[in-house]
Amino acid sequence: MKKYLEIAKIIFKSQLAWRFDIAVNVLFTIVKIIFAYLIWNNIFTDQQVIAGFTFHSMLSYYIINSFLSQLDMSDSVSNEISSKIRGGTFSKYMVIPVNIQGYFIAQSAGSSVFYLIFNFIAAIVWIFIFRIRFAFTAHPLYIIAALFMMLIGLLFMIQLNYFLGLLTLKFQDIGLFLMIKNNILLFITGSMIPLTLLPGIIVEVMRYLPFYYVTYLPSMLLIGRNGDEMLPGIILLSVWSVIFVIINKFTYQRLRVKYDGVGI
Amino acid sequence: MNIIQTKNLTKTYQRFTKEPGLKESIKSLFKREFVTKTAVADFDITVQEGEFIGLIGPNGAGKTTLVKMLTGIIAPTSGEISVVSYYPNHLENDFKKQYAVVMGQKSQLFFELSAADTFLLFKELYHIPEEEFQKNLDYFVKLFGVSEILDVQVRTLSLGERMKMELIVALLHNPKILFLDEPTIGLDAVAQKQIRKFLKEVNETKGTTIILTSHYMEDIKLLCKRCVVINGGVKLYDGDTDTLFQKYQTHKKITISLEQEEYCSLNQEYTLLEELPYKITLLIRKELSQELLKDVLSRYELSDITIEEEDIGNVVERIYDDKSGVPT
């Protein structure tokens with residue numbers, strides 16, 4: 001376990017080397033909040049409540065959701081695995097005594113903790129500046145469930161991206177898979193709009209997919225809504241994670257023999 | 001004790017082929033044609049603990065494929081393989097702790113951080129006890145004289161300095177075998193010399209078995225008592241390094257640069273490699289080289305002269321011809 005902690009630590013340290021990146025990242029969070037403020041302020045000019053959201057609860061949702069989305073650093077997992085396999089340098093992970101999936105989980109954790117710290121500071125500052133009446137739930141169970149779900153959600157996303165990265169061994173190029181995944185994610189995680197604004201049947205279908213529980217439901221729980229979906233959400237997300245543990249183990253064992261260690 | 005043993009080890013690859021042209025591209029969309037390429041064929045090798053072996057051969061000879069099979073990175077197509085009594089491609093963590101591999105372009109260092117940060121990571125990855133870690137680190141740092149650059153960001157290090165750090169990372173856990181793929185590639189003469197000295201010392205004092213692949217004859221000559229020549233995936237020679245070079249490295253490559261624009265006319269028998277008005281590059285039998293030099297010095301005004309060992313390709317070709325009964 002200690003070795004995975006050290007992997008997370010070294011990734012965290014690597015991020016700190018890029019000062020400009022840190023500054024841009026903080027700025028990016030700020031810009032997102034400003035845009036959200038301007039757009040929703042305009043929309044809420046004529047109405048007080050939209051789909052059960054007030055202006056401040058909508059902004060709170062947006063801030064929490066984009067904050068959680070930015071914590072998900074798993075995208076880099078599929079990209080890194082893919083580029084390393086294509087470049088013939090994936091072997092650097094194969095020759096060290098670690099579980100490769102564990103290595104990437106630790107690597108993503110290191111990145112996520114880094115963004116957690118800086119985005120959290122940025123978000124707090126901007127909530128204060130814009131005087132947003134932050135609609136954060138006071139219900140401890142909601143908070144615990146949301147944090148737990150967020151954790152399994154991030155783990156699931158790493159597993160999904162690890163799986164997609166491994167597909168490079170079979171398909172050599174996974175650009176198409178990544179594009180499909182990213183578009184689905186953007187929609188299903190509620191990063192574009194709260195899912196309650198969508199037709200009921202679509203939301204119902206999404207409830208059986210893991211993405212719904214990655215950032216959307218934790219965001220809703222943190223603003224004190226959708227409490228009835230808490231337990232089914234945790235169970236469903238856990239089941240998806242276990243399924244991917246098995247799929248990934250099988251995929252790696254099966255596809256790694258195709259690796260020839262030369263660039264594609 | 002045999003630390004590495006292979007028998008009839010073979011690795012083949014399937015390669016996609018396609019004739020040029022649009023029609024062929026469309027055809028290949030429906031039906032793909034593959035050819036089988038044999039990278040390593042029926043390869044037998046036995047390595048004793050503590051040996052320093054050189055693996056030599058031209059590009060595409062199968063050296064790197066062999067190293068990849070020995071480290072478990074790729075699975076053999078057929079044959080037997082045992083490294084420290086493990087089947088490498090099972091990739092067990094206990095097996096990975098027995099060896100280290102340094103491949104020219106595949107760095108284990110984190111470029112944004114100092115090498116010391118990577119050392120700490122490897123301490124945990126290999127569960128190296130604190131005392132052993134410190135002892136090994138001190139030993140290697142002193143041996144390489146790199147104490148001044150331990151805390152410097154890796155991306156700002158020179159190629160030679162980076163390779164030294166790469167070797168330290170690889171050796172921190174006291175591996176039984178060290179696989180080196182072209183460790184001196186791209187390095188200047190001074191760095192090459194330092195790395196050679198380091199490897200020799202590690203082999204002698206720590207008893208680490210070292211398998212070295214290199215294009216540089218100097219590396220092999222100075223470090224390896226035994227060498228294995230491989231070409232087309234087939235083992236051509238396995239034996240004493242000195243004998244190999246005495247028997248098969250029969251020529252010297254000489255480049256003569258003249259002060260004035262003129263063509264050299266030499267009396268000795270040689271193979272012309274390049275001829276320009278100011279310069280001539282040739283290959284000559286070793287025993288004739290002294291005579292040629294005397295001749296050139298007495299008759300021409302020279303601006304420069306270089307004498308090199310001939311390329312690995314010529315040596316391999318000569319061994320191959322020798323084995324096939326072709327007169328050299």
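Here the structure is a predicted model, which means the values were calculated and not measured. Residue numbering restarts at 1 for every chain, and letters A, B, ... go by the order of the sequence lines. Values below: every heavy atom of this structure, side chains too, minus hydrogens, waters and symmetry copies.
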- Just by modelled atom types, is the A:Val95 backbone N or O under 3.5 Å from a matching donor or acceptor in the B:Lys96 side chain? no
- Ignoring hydrogens and geometry, is there a side-chain-to-backbone donor-acceptor pair from B:Gln108 to A:Lys92 under 3.5 Å? yes
- Task: Flag the pair B:His127 / A:Lys2 as yes when at least one side-chain heavy-atom distance between them is below 4.5 Å, and no otherwise.
- Result: no
- Query: Who wins among B:Asp117, B:Leu113, B:Thr118 for the most heavy-atom pairs under 4.5 Å with chain A?
  - Reply: B:Leu113
- Item | Under 4.5 Å from any heavy atom of chain B - which part of A:Ile11 | side chain
- Message: Ignoring hydrogens, what is the shortest heavy-atom contact between A:Val98 and B:Asn93? Give both atom names and the distance.
- Response: N-OD1, 3.6 Å
- State, to 0.1 Å, how close B:Leu121 and A:Glu6 come at their nearest heavy-atom pair, and which atoms those are. CA-CG, 3.6 Å
Measuring heavy-atom distances to chain A, does [X] have an atom under 4.5 Å in its side chain, in its backbone, in both, or in neither?
X	answer
B:Tyr13	side chain
B:Phe122	side chain
B:His173	neither

- Item | Gap between atom CZ of A:Arg256 and atom CG of B:Asn89 - 0.5 Å precision | 4.5 Å
- About how many Å separate CD of B:Gln14 and CG of A:Asp260, when rounded to the nearest 0.5 Å? 12.0 Å
- Task: Verify the neighbour count for atom CZ of B:Phe16: are there more than 12 heavy atoms of other residues, nucleotides or ligands below 6.0 Å?
- Result: yes
